[in-house]
Structure formats: C-alpha cells, structure tokens
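Reviewing the structure listed below.
Indexing begins at 1, ligand by ligand and atom by atom, following the structure's order.
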Amino acid sequence: MNLEECTLFPYDSEMHESCYPFDCAHKDLNEFFEKDAINYSAELLGKTYCFTLDKDPQLIVAAFTVSNDSIKTTHLTSGPKTRVTKNIPRVKTMRSYPAVLIGRLGVNKQISRKGIGCEVMDFIKAWFIDGKNKTGCRYVVVDAYNEKMPIDFYTKNGFELLFSTEQQEREYLKLPTDYPLKTRLMYFDLIILR
Ligand SMILES: CC(C)(COP(=O)(O)OP(=O)(O)OC[C@H]1O[C@@H](n2cnc3c(N)ncnc32)[C@H](O)[C@@H]1OP(=O)(O)O)[C@@H](O)C(=O)NCCC(=O)NCCS
C-alpha cells in the first residue's frame, strides 16, 4: 500500500464519526485524535488531516496535525543560530523564520513500517512549498519524542536536531540540568526542495 491509494481529508466530526477508531499504537496520540483534534481545529490551534484508504474509506491510514510556527533566532546561541541561518541571505534583517509545526503524526499500526510515515512527510513538505500557499514557510519543525525511534524516523526524513546536545536545549528552555527532556526540537529546511 502507498499514499497514492489514499485520499486526504480534513479530520472533522463527520470523519470522526464515519471512520473506524484510529490506532497508531501510541496512547497519547490516539487520545488526541479521538478526543482533542476536532476542538483544536475549532479553536484554530492546529488543523488535523487524515489519509483514508480509497478501497475502504472508513480506514484512516495516517493522521497529522499542523499549525503555524516560527524559529526565533533572537535567543539562540551561535551554534543553533548558524544552523538555521546559514542558507538564508540577508540574515541580519530577520529574527524569526516562518515554519509549520507538525504537532502530531501517527500511522495506523496495522500498516506501520511500510514507508507510509515517510510518504506523509514528503507530502507535508511538498504541501508547504506549493506556489498556492498564502504565506511563506521556510521550515518544517517538530518536537520529536526524545526516544530513538521517532528521532531516527525524522532523521531519515532529513530533519536535524536544532540543539546538538540535550543540555543546550535545556538551557534554551530554561529547564533544570537534571530535568528529563521529553522532546527534541528538529527542523527541516524546505529550500532544498526548491
Ligand atoms: C513514527 C511513525 C509515524 C512512523 O511511521 P511508519 O509508516 O511506520 O514509518 P516508515 O515505515 O516510513 O519508517 C521510516 C523509518 O522510521 C523508523 N522507524 C519506524 N518505525 C520504527 C520502529 N518500530 N522501530 C524502529 N524504527 C522505526 C526507521 O528508521 C524507518 O526506516 P527503515 O524502515 O528503513 O528502518 C509511526 O510508527 C507511528 O505512528 N508511531 C506512533 C506515533 C509516533 O511515535 N509518532 C511520532 C511522533 S514524534
């Protein structure tokens, strides 16, 4: 199976009621898609979309939530700042670079590890460099769970860690040194697809 056999829909109450329950094998994400996603959309806090399988339109293959974000360089130390700005001309004139945040992403557990997650990532990247976009969007950003699998997944999809060490990220977030870092900020520069 691949995404060519699927159709994208906004995840609204009609979809929620007509589709089988979505299970991506992650408790918090399942709960979000089940209970919160539609309210987030209604409050304009994050819009959720889903791909359903054309031959069984009640089956959600993957779901994701996106919202506007930015990478603000004002409080970044030189390493992360250079990473973000190295390919941007006239860097001194900007303190904040437009981005889209992938707030949630899940693939149906029945079809995990078959390349669907990567296809969804390619779709989202292409979506935000589409000439019809109303706003500029330079980066895709994610707060990836600080575990091997999600970080490997995003790395495989061309994302880089904004902070090279957990300690740098803790300092940026003003967290105590021994505080467990639940997520890592990762980014993808869309300009390379242009
Ligand atoms: C993370 C997720 C979206 C990946 O979707 P997927 O369709 O299974 O991913 P793909 O088949 O495209 O896999 C791409 C790469 O991700 C990594 N990966 C995915 N699932 C993995 C697993 N179970 N164990 C280890 N690595 C895994 C691998 O690097 C894999 O490449 P490989 O197959 O060449 O080794 C999916 O597993 C999921 O929904 N997980 C639960 C929710 C979650 O953790 N979301 C991420 C939020 S930060």
For residues Phe33 and His16, establish whether the separation of their ring centroids is below 6.0 Å.
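Not under 6.0 Å, so no.
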Hey, do the aromatic rings of Tyr40 and Phe32 have their centres closer than 6.0 Å?
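Yes, the ring of Tyr40 comes within the 6.0 Å limit of the ring of Phe32, centre to centre.
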Who's the nearest protein heavy-atom neighbour of [atom], and how far?
{"atom": "atom 7 (O) of ligand 1", "result": "Gly117 N, 2.7 Å"}
{"atom": "atom 27 (C) of ligand 1", "result": "Met149 CG, 3.4 Å"}
{"atom": "atom 44 (O) of ligand 1", "result": "His26 CD2, 4.0 Å"}
{"atom": "atom 14 (C) of ligand 1", "result": "Cys118 SG, 3.5 Å"}
{"atom": "atom 43 (C) of ligand 1", "result": "Leu29 CD1, 3.7 Å"}

Is the shortest N/O to N/O distance between [X] and ligand 1 below 3.5 Å?
{"X": "Val107", "answer": "yes"}
{"X": "Lys114", "answer": "yes"}
{"X": "Ala144", "answer": "no"}
{"X": "Leu105", "answer": "yes"}
{"X": "Pro150", "answer": "no"}

Would you mind running through ligand 1 and noting each atom that sits below 4.0 Å from a heavy atom of [X]?
{"X": "Tyr145", "value": "47 (C), 48 (S)"}
{"X": "Gly115", "value": "10 (P), 11 (O), 12 (O)"}
{"X": "Gly106", "value": "39 (O)"}
{"X": "Ile116", "value": "7 (O), 12 (O)"}
{"X": "Ser112", "value": "8 (O)"}

With a 4.0 Å cut-off, strictly under, does atom 41 (C) of ligand 1 pick up any protein heavy atom?
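Under the 4.0 Å cut-off, atom 41 (C) of ligand 1 does have protein heavy-atom neighbours.
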Pairing residues for Asp69 by the side chain to side chain donor-acceptor pair (under 3.5 Å) criterion, not counting sequence neighbours
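Checked Asp69 against side chain to side chain donor-acceptor pair (under 3.5 Å); zero matches.
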What class does the angle between the rings of Phe188 and Phe159 fall in, given that below 30° is parallel, 30 to 60° is tilted and above 60° is perpendicular?
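Aromatic pair Phe188/Phe159 classed tilted.
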Side-chain donor-acceptor contact under 3.5 Å, Asn146 with Glu166
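A pair is found: one side chain offers a donor N or O, the other an acceptor, under 3.5 Å apart.
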Validation: residues 72-79 side-chain donor-acceptor distances under 3.5 Å, sequence neighbours left out:
unit_1	atom_1	unit_2	atom_2	d
Lys72	NZ	Ser70	OG	2.9
Thr73	OG1	Arg95	O	3.1

Looking at non-hydrogen atoms alone, which of Arg113, Lys109, Lys156 comes nearest to atom 35 (O) of ligand 1?
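The nearest heavy atom belongs to Arg113.
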Do NZ/NE/NH1/NH2 and the carboxylate oxygens of Asp189 and Arg138 come within less than 4.0 Å?
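Result for this pair is yes, salt bridge flagged.
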Cationic N near anionic O, under 4.0 Å, Glu169 to Arg184
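Yes, this pair counts.
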